[in-house]
Amino acid sequence: MKSLSSSVLALAPSMTVAIDTRAKELQAAGQDIVALGAGEPDFDTPDHIKEAAIASLREGKTKYTAPTGIPELKQAVSDKLLRENGVKIPASQVVITSGVKHAVANVLQTLINPGDEIVIPAPYWVTYPELVKLYGGKPVFIETSVESNYKFTPQALEAAITPRTKALILCNPSNPTGMVYGKEELEAFAKVLVKHDVYVISDEIYEHILYDGRKPLSIATLGADIAALTLIVNGVSKAYAMTGWRVGYFAGPANIAKAIGSLQSQATHHPANVSQYGAVAALNGGLDFVHEMGEEFDRRRRFVVESLRAIPGVKATMPEGAFYALPEVSCCYGKKTPKGKVIAGSMDLCEYLLAEELLAVVPGAAFGDDRCIRLSYATSMDNLRKAMDRLRHGMTALT
Ligand SMILES: Cc1ncc(COP(=O)(O)O)c(C=O)c1O
């Protein structure tokens, strides 16, 4: 048999997707699984978005569009950036992608020459380091911990930068930590990035899921120098409960937008026409929906963190944005399950919780920190109550 691409074979499949798939299989087989693995809102896409998509089909808008997306959507993104973020980027410098994951992939593929370094704060979203490696780059991690509230410092950023550094990936608010960097912290990062002429890939997908009165803030607004180095990736998946529609976007410097446009014209072309019309309605339709969703997530966040903190030995920071909790659970490593298996790390713990407690959560190892597990609270309070009972039961049964 001919050998396959070594860079593709080296890819670790997404563990969040794997856990979610396994949980769905067990559910389909009749098991009462509570799944906190997937990062998707449990709300339905608002009706006005569905109606706009249906209308586009009825109007026969079913053919190829430009590879960078329909003009209406690129303009809606440009308008949104100005209105909601105070960022001025013309529609000609926007590329519509098949989800934010695709925008991240396109940006990395466009930036990286073999051996280039991309700085990634850990814990990180599972996809970042795998894509960096796929495109021939080297991920360089900045470690953080529950003790530092999962935040990194400008000093740590500067120490991670070398002459090979192309970009920092900044996910703010963060999946999986839930942490949010404010103006002063972003200004300090911007100073370091400008000094070393390093791009920042600003993943703003959770920008509107913020708690305690926080407001979205893009690093691109902190001066012309950092704006010129900011590569915004964002989309409609989380803010409008549109994960399955697959619409994201890149917005940034003209030369990078042009290169991504060429890449898409050869590789994937554009996301489905119908999804793009839905996304226009989403972006032009106001933020009431995401704010209502955010209020519900806030209630759930408090319940989850209080429940986690009540489990002996578990440490949990209070998320400031997004919809994930990342408790530190290493207190149970080295202990045995009732069946006598030793829990060596987060993978063992998650396997045990799925098999014995019918609870699907994601091992911290997938995010670069084996001391924790990740729970998504984008699910109903009933599910969360069951989940917290099962977690407490499972963890206290370890000896
Ligand atoms: C930080 C982050 N970026 C990007 C994505 C991917 O978004 P999309 O579903 O639009 O591809 C996710 C999804 O979980 C995410 O958490």
Side-chain angles (χ1 to χ4, degrees), residues 13-21 35-43 45 49 69 73 77 80 94-109 118 120-132 139 150 167-181 200-210 216 218-219 231-251 260 264 268 270-272 275-276 278-279 282-283 290 297 319-326 361-362 364 366-368 374-379:
S14 164
M15 217 181 289
T16 46
V17 174
I19 297 264
D20 189 49
T21 307
L36 306 190
E40 67 180 343
D42 55 321
F43 294 78
T45 306
I49 298 175
L73 183 51
V77 170
K80 173 258 180 250
V94 170
V95 180
I96 308 303
T97 58
S98 298
V100 184
K101 189 177 273 191
H102 186 217
V104 174
N106 281 349
V107 170
L108 289 171
Q109 194 171 5
I118 305 290
I120 304 176
Y124 44 73
W125 180 46
V126 288
T127 294
Y128 299 142
E130 292 307 313
L131 288 180
V132 169
Y150 291 118
L168 161 75
I169 304 185
L170 183 69
C171 183
N172 194 39
S174 162
N175 171 13
T177 69
M179 288 304 117
V180 178
Y181 293 100
V200 52
I201 301 170
S202 185
D203 187 338
E204 302 180 2
I205 189 169
Y206 297 102
E207 61 170 346
H208 288 304
I209 302 172
L210 288 168
S218 172
I219 194 168
L231 316 181
I232 293 177
V233 291
N234 199 345
V236 295
S237 299
K238 314 279 171 167
Y240 303 97
M242 294 175 71
T243 45
W245 294 64
R246 310 310 303 136
V247 180
Y249 55 84
F250 161 85
I260 293 178
Q264 286 203 172
T268 53
H270 55 80
S275 291
Q276 295 193 63
L283 292 176
V290 61
F297 288 152
E320 300 166 342
F323 41 64
Y324 308 100
L326 192 74
V361 293
V362 188
F367 308 100
R374 192 196 75 175
L375 293 68
S376 160
Y377 49 85
T379 186

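Remember, it's 1-based here, ligands and their atoms both numbered in the order they're listed.
Checked for salt-bridge contact, K80 and E207 meet the test: a charged N lies under 4.0 Å from a carboxylate O.
The two residues V233 and V107 make their nearest non-hydrogen contact at CG1-CG2, 4.0 Å. Taking all atoms of both residues into account, the shortest heavy-atom contact from V361 to R374 is CB-O, 3.6 Å.
Judged by distance alone, the side chain of Q264 and the main-chain N or O of G69 form no donor-acceptor pair under 3.5 Å.
Not counting sequence neighbours, T97 has no partner by the side-chain hydrogen bond (donor to acceptor under 3.5 Å, both in side chains) test.
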Contact table, ligand 1 N/O with protein N/O, distance under 3.5 Å:
unit_1, atom_1, unit_2, atom_2, d
ligand 1, 3 (N), D203, OD2, 2.7
ligand 1, 9 (O), S237, OG, 3.4
ligand 1, 9 (O), R246, NH1, 2.9
ligand 1, 10 (O), V100, N, 2.8
ligand 1, 10 (O), S237, OG, 2.6
ligand 1, 11 (O), V100, N, 3.1
ligand 1, 11 (O), K101, N, 2.9
ligand 1, 11 (O), R246, NH2, 2.7
ligand 1, 14 (O), K238, NZ, 2.7
ligand 1, 16 (O), N175, ND2, 2.7
ligand 1, 16 (O), Y206, OH, 2.7

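Proximity of the aromatic rings of Y324 and Y206 is defined here by a centroid distance below 6.0 angstrom, and this criterion is met.
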